[in-house]
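Structure, as structure tokens:
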Amino acid sequence: MKRGGEMRRELAANDATPLYAGVKQIILDRIHSGEWPPKYRVPSENELVAELGVSKMTANRALRELANEGELVRIQGIGSFVAERKGVSALFEVRNIAEEIAERGHVHEAKVVALAKASAPPDVADALGLEIGAPVFHSLIVHSEEGVPVQIEDRYVHPGVAPDYLSQDFSAITPNAYLSAVAPLSGSEHVVEATVPQPWECKLLMILKTEPCLMIRRRTWSDRNIVSTARIIYPGQRYRLESRSGTIPVP
């Protein structure tokens, strides 16, 4: 890896450009040449300051802009890493995230943050067709790909449709897989929004408070019964949603 002296010479060679742009170009050159492969931890702000002799503000701007452009993934408290190609999730298809991740040859992990009986708040009661305050099952799960959080699944389930929901081990089986087995899907509803994550969501996803997220609100049915309502959060820099329909001509 090229370090301090050579990196400083490259920066000096680009003295016609703003310093932060020069720092960005040095990092991009390493990425595009393959010297810094996906998941490689790039130098921190402090390391760039020491190696290149730039200010911390300049280093921060370079790393921040590269993250906004999708070249880097910044994980709060850990560092900045060369981004892999974003994971893809089907937009209007109810799929098992564990299967999506496995199809990419990666490892899926699930952390169960909450799994308990709750009283339905007004929006949940309305979504499930229940009275406000009626008992519902609530699960909050963080799904990770190769150890990096990529989804928060905040789900409420109708107890009458899946009475054994709370006794499941959702670190071993996803709610999607379980509910599909006990209440086969017959229909779904999706609403997609851009959202600013709440502080606790940033902590679970290990992202900065300024990072935008994608949110899907999803309801599912089995026959005429509403099974669940879920709020699914994706970090915008790590995931994209995709949908196709009709006949797609082959180039």
Side-chain angles (χ1 to χ4, degrees), residues 87-104 106-145 147-193 195 197-198 200-205 213-235 239 241 243:
V88 178
S89 182
L91 178 53
F92 298 119
E93 196 178 341
V94 181
R95 292 201 61 197
N96 184 344
I97 188 170
E99 292 178 355
E100 291 181 6
I101 290 172
E103 286 173 4
R104 292 192 284 274
H106 292 170
V107 176
H108 166 265
E109 294 176 318
K111 176 183 177 182
V112 180
V113 179
L115 181 63
K117 181 182 288 187
S119 298
D123 59 331
V124 171
D126 182 61
L128 293 178
L130 297 170
E131 295 293 327
I132 295 173
V136 291
F137 297 152
H138 176 231
S139 60
L140 180 64
I141 299 170
V142 179
H143 297 279
S144 296
E145 181 170 352
V148 177
V150 293
Q151 184 194 95
I152 292 175
E153 177 189 346
D154 189 2
R155 185 185 296 270
Y156 288 89
V157 176
H158 195 305
V161 179
D164 296 325
Y165 186 79
L166 296 182
S167 63
Q168 305 309 307
D169 179 5
F170 289 125
S171 64
I173 182 174
T174 64
N176 175 282
Y178 173 71
L179 292 173
S180 294
V182 300
L185 182 72
S186 63
S188 61
E189 171 187 86
H190 305 79
V191 177
V192 182
E193 302 175 31
T195 185
Q198 299 178 48
W200 65 269
E201 293 169 335
C202 294
K203 185 175 181 180
L204 290 178
L205 291 172
C213 290
L214 297 170
M215 177 175 67
I216 295 180
R217 293 187 184 275
R218 175 182 291 158
R219 282 201 299 171
T220 55
W221 282 263
S222 182
D223 293 327
R224 295 186 178 183
N225 299 310
I226 301 174
V227 178
S228 72
T229 180
R231 193 174 65 94
I232 302 170
I233 306 290
Y234 297 93
Y239 237 74
L241 304 176
S243 180

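Please read all numbers here as calculations on a predicted model, not as lab measurements. Because only heavy atoms are used, hydrogens play no part in the values below, and waters and symmetry mates are left out as well, while side chains stay in. Residues take their numbers from the sequence shown, with the count starting at 1.
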Heavy-atom closest pair, residues [X] and [Y]:
| X | Y | value |
| --- | --- | --- |
| Ala127 | Ile226 | O-CD1, 3.4 Å |
| Pro135 | Leu130 | O-CD1, 4.3 Å |
| Ala120 | Val124 | CB-CG1, 4.3 Å |
| Val136 | Ser119 | CG2-C, 4.3 Å |
| Pro235 | Pro149 | CG-O, 4.0 Å |
| Arg217 | Glu193 | NE-OE2, 3.8 Å |

Out of His190, Glu189, Glu153, which residue meets the side-chain hydrogen bond (donor to acceptor under 3.5 Å, both in side chains) rule with Arg218?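 Single side-chain hydrogen bond (donor to acceptor under 3.5 Å, both in side chains) partner of Arg218 among His190, Glu189, Glu153: His190.
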
Are side-chain heavy atoms of Ile97 and Asn176 found at a separation under 4.5 Å?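 Of all side-chain heavy-atom pairs linking Asn176 with Ile97, none is under 4.5 Å.
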
Evaluate the side-chain proximity of Leu205 to Pro197: yes if any heavy-atom separation is below 4.5 Å, no if none is.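 The answer is no, as the side chains (C-beta and beyond) never meet within the 4.5 Å cut-off.
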
Output all residues satisfying ring-ring contact (aromatic ring centres under 6.0 Å, His included) with Phe170, sequence neighbours left out; order by chain, then residue number.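 Partners of Phe170 under the ring-ring contact (aromatic ring centres under 6.0 Å, His included) test: Tyr165.
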
Among Asp123, Val227, Thr229, Val161, side chain to side chain contact (heavy atoms under 4.5 Å, CB included) partner for Leu128: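 In the set Asp123, Val227, Thr229, Val161, the residue that makes a side chain to side chain contact (heavy atoms under 4.5 Å, CB included) with Leu128 is Thr229.
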
Has the side chain of Ser222 got a donor or acceptor atom that lies under 3.5 Å from a matching backbone atom of Pro184?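 Answer holds: yes.
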
Can any side-chain N or O of Asp223 pair as donor or acceptor with the backbone N or O of Asn225 at less than 3.5 Å?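 No.
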
